[in-house]
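Just so we're clear, the structure is a prediction, and the values are computed from it rather than from any experiment. FYI, side chains are in, hydrogens and waters are out, and symmetry mates aren't considered; it's all heavy atoms of this structure.
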Amino acid sequence: MNKLILSLFFTMVLCISVNAQFGVPLNDICLQSFRLNDLENFCSDDVDMFSSEGATIDTTAGLGCQSSFQPLGVWYNFTAITKFVRITIEGQDANNGLLLTNPIIGIYEGSCGNLSELNCVTTPTGVNIGEVIIPTVVGRTYYLMIGGKNASVGSFRLCLNSFNVDPVPLQDCAQARILCDKSPIGVESVVGFGNTRDNLNLNSNPAIQFPACGVEEAASNWYKWTCDESGTLEFTITPLKQFDDIDFMVYEFPDGLENCNSKVLLRNMISGENQGQPMSQWQVCVGPTGLMAGDGDDGETCGCQNGDNNFANAIQMESGKSYGLVVMNFSQSGVGYNLEFGGTGTFLGPIPEFSIDPIVGLRCDQSFTIEDRSRDNGNPLEYNWYFGEDATPQTSTEAGPFQVDYSSFGTKYIVLSVVDPVNGCEVTEIFDIYAEPCCEDIEPLIPNLVQATDPTCPNFGDGSLEVAASGGSNSGYSFSINGSPFVMGSEFNNLPDGTYQIDVVDSKGCEGSIDINLEDPDSIIVDAGIDSIVDLGDMINLEGQIISDNGRDFDIVWTWNSDGTTVSCVNCLDPNVFPFGATEFTLTAIDEFGCTFSDRVTIDVDLDYPLYIPNIFSPNEDGINDRFTAYSGISVQEIVLLRIFDRWGNQVYEERNFPHNDPTRGWDGSFGSALAEQGVYSFIFEVQFIDNLPPRQYSGDITLIR
């Protein structure tokens, strides 16, 4: 006998229901979104926090991303510390261990009850990485919903990069973006060549003489800078579309950044696809490209030649000299790229710096001093300060110094952007500090239970908790369940039975904790009876019983796992059953809440296949033993075939599909229209039993006498 709580009755329906309710991630809804704090250069590596496994369909009204794709999404939030944020989502790829396919990023501002959609980023079918750059307002909170097309779920990598420089570079050499440092640049899209199709001066360096190949400026961006400290220049350009063909040229500007006509070509990278040839022969010449120390050439001509790798040798920059870079998407897909600089040389520009006093032991509600220590490059600087979330003051355009305090605890970001107004270049310094809690003179924080709902059924994860808090600073409460990340929402759903520790923290860092128990309801104890064995064709009475109903109303039902078995009644405790083979019968009690409680009993069947075939018969019309046939009990369904052969192997009789035990059926001793001679004949029977297995065959000899 096998007692089971939570039966497999209506297995498909219940499994779908359980899977939808148990194991739902905490950040399945906006109100319980996980907060992202490391914003300067963040990439996730926690597969538990960054997975949509178990998420439910988001039904937030008025959001096109949800209504169009109905993703099974999870939620995150962050507070912007710069004017732009690059958001990257990476899903399944070879050997990265991630599972999400066709990821979707929904981006919103506002509050969870009143969101406005800023963007909905989707990826083409088969592409599992997406990226978007959005303008942000410093100090404003934004929400991200991460899901996948076609109800895809699984682990993913989420990356955020904050920067202040406008990610839309200029497209004419004369108005190129002036770079002051080697901060990475992300370009979301690039189309056209600007107001003027610049001369690329491809013949300005005799050391780099390639066939013209019809190369001219298209889908381009221009960057220029002046070297501060001499050293190498390396960079990597990675197209956002995997196999886009990116071309670039690097120049020296001997007459200064303003004179584009006299620029001299230093590096020329125009390699790419060999049209009409398989991709395997030219794939190395598309995708990432750039300058790399130790590379063997100063450029690569069009097409893809033996030895090409889409990279050229690094440049040795000299202090005081000016340089430039034009990047072109030869594929003209409209999709942008990421540009990351390396090497030992530096770019000339202002250097933002500041001091903080005290630098350690800083508490919320405590003033501290910030002083500017920035270095200019000979031009007066313009300042843009952001002192962090809940700071007073929060922003300034003055040089300082400043007296700042935080009204809340936690990690704070101080951001200083300095702008050289002469050339328009902007450089940013981001520094994070930790404001310690300030609860010494504040009344204790006390969490309390608002409502607890036990699971509806045993082992069924649909319990819930709602908590509240009082005391502390009486503001900014966040809640954590069993060590999960703190979230704004104080309601926790989809919980199985157990003990839950709810931790509460307020804006000042005051803490409290409460333990709450959820309990499964009492079970209905079901007994389906004792395992038994019967002969094939026999009937047996099941002896089910309800040992204890614990005061619950219920209905009962029998189910079984074999075809053809008949049951006299499915809603009584003791039905008569007629199994055709080994059968497992399940007795299930279903209470008024839909909870199910089950037990199983197995009735085995002895497949002895009893069959009697005579070895002599006398077809003399005396009414006794006049026909040759087979005899059995109810275990036989029918005789499928009977064949009779004489001693030379000639078939003398055949009959199909007739009942057994019928004295009027079978061989009557004739051969055609004549009587068969006395003697020994061979027979073959094919008999179908009620077990629904293929017919069984029997053969032997029969003696005919008259």
Check your understanding: Between F84 and F163, what is the ring plane arrangement, given parallel below 30°, perpendicular above 60°, and tilted in between?
Key -> parallel

Study note, to complete from the structure: For E234, the side chain to side chain contact (heavy atoms under 4.5 Å, CB included) test, sequence neighbours excluded, returns T232, A293, A314

Exercise for review: Report yes if the distance between the aromatic ring centroids of F34 and F50 is under 6.0 Å, otherwise no.
Suggested key: no

Check your understanding: Which salt bridge (charged side-chain N to carboxylate O under 4.0 Å, His left out) pairs, counting each pair once, include a residue from residues 266-275, with sequence neighbours left out?
Key -> R267-D298

Point to revise | Note, V286 side chain near F243 side chain (heavy atom, < 4.5 Å) | key: yes

Check your understanding: Which residues satisfy the side chain to side chain contact (heavy atoms under 4.5 Å, CB included) test with V191, sequence neighbours excluded?
Key -> none

Point to revise | Between S230 and S319, a side-chain donor and acceptor under 3.5 Å | key: no

Review point. Is it true that a side-chain atom of Q171 and a backbone atom of G192 form a donor plus acceptor pair closer than 3.5 Å?
Key: yes

Check your understanding: If you count the non-hydrogen atoms of other residues, nucleotides and ligands that lie under 6.0 Å from CZ in F330, is the total more than 12?
Key -> no

**Study point:** D172: partners by side chain to side chain donor-acceptor pair (under 3.5 Å), with sequence neighbours left out
**Key:** none

**Study point:** V137 side chain near Y142 side chain, heavy-atom distance below 4.5 Å
**Key:** yes

Check your understanding: Any luck finding a side-chain donor-acceptor pair between N150 and N102 under 3.5 Å?
Key -> no

Exercise for review: On the 0 to 90° scale, with breaks at 30° and 60°, tag the F253-Y251 ring pair as parallel, tilted or perpendicular.
Suggested key: perpendicular

Exercise for review: Taking only Lys NZ, Arg NE, NH1 and NH2, and the carboxylate oxygens of Asp or Glu, determine whether R373 and E429 approach each other closer than 4.0 Å.
Suggested key: no

Point to revise | Sequence-distant partners of S67, side chain to side chain contact (heavy atoms under 4.5 Å, CB included), two or more places apart | key: none

Check your understanding: What residues form a side chain to side chain contact (heavy atoms under 4.5 Å, CB included) with Q394, not counting sequence neighbours?
Key -> Y386

Practice item. Assess the side chains of N128 and D93: does a donor N or O sit below 3.5 Å from an acceptor N or O? Key: no

Review point. With no hydrogens and no angle check, is any side-chain donor or acceptor of T101 less than 3.5 Å from a backbone partner on S152?
Key: no

Review point. Mind checking whether S262 and S204 have side chains closer than 4.5 Å, heavy atoms only?
Key: no

Check your understanding: For N313, which residues count as a side chain to side chain donor-acceptor pair (under 3.5 Å) partner, sequence neighbours excluded?
Key -> none

Exercise for review: State whether a side-chain donor-acceptor pair under 3.5 Å links N221 with Y337.
Suggested key: yes

Point to revise | F347/F341 under ring pair (Phe, Tyr, Trp, His ring centres under 6.0 Å): CA gap, chis, key distance, verdict | key: CA-CA 11 Å; F347 295 176; F341 291 97; 5.5 Å; yes

Practice item. Taking side chain to side chain donor-acceptor pair (under 3.5 Å) as the test, write out the residues that go with Y108, two or more places apart. Key: Q66

Review point. Which of these passes ring pair (Phe, Tyr, Trp, His ring centres under 6.0 Å) with F387: F354, Y406, Y413, F402?
Key: F402

Exercise for review: Sequence neighbours left out, what pairs pass salt bridge (charged side-chain N to carboxylate O under 4.0 Å, His left out) with at least one residue falling in residues 307-318?
Suggested key: E318-K321

Check your understanding: Got F431 and L416 here, is their nearest side-chain heavy-atom distance under 4.5 Å?
Key -> no

Check your understanding: In chain order, what residues pass the side chain to side chain donor-acceptor pair (under 3.5 Å) check against T346, with sequence neighbours excluded?
Key -> none

Practice item. Answer whether the closest heavy-atom distance between the side chains of V215 and M328 falls below 4.5 Å. Key: yes

Practice item. With the side chain counted from C-beta on, respond yes when I237 and T289 share a heavy-atom pair under 4.5 Å apart, and no when they do not. Key: yes

Study note, to complete from the structure: For residues 339-351, the salt bridge (charged side-chain N to carboxylate O under 4.0 Å, His left out) pairs (sequence neighbours left out) are none

Practice item. Say whether, by atom type as modelled, one donor and one acceptor occur between the side chain of S189 and the main chain of G336 under 3.5 angstrom. Key: no

Point to revise | N310 side-chain N/O to P288 backbone N/O, donor-acceptor pair under 3.5 Å | key: yes

Point to revise | Within residues 131-149 or reaching into it, pairs that qualify as salt bridge (charged side-chain N to carboxylate O under 4.0 Å, His left out) - sequence neighbours excluded | key: R86-E131, E109-R140

**Study point:** N27 vs V487 side-chain heavy atoms within contact, under 4.5 Å
**Key:** no

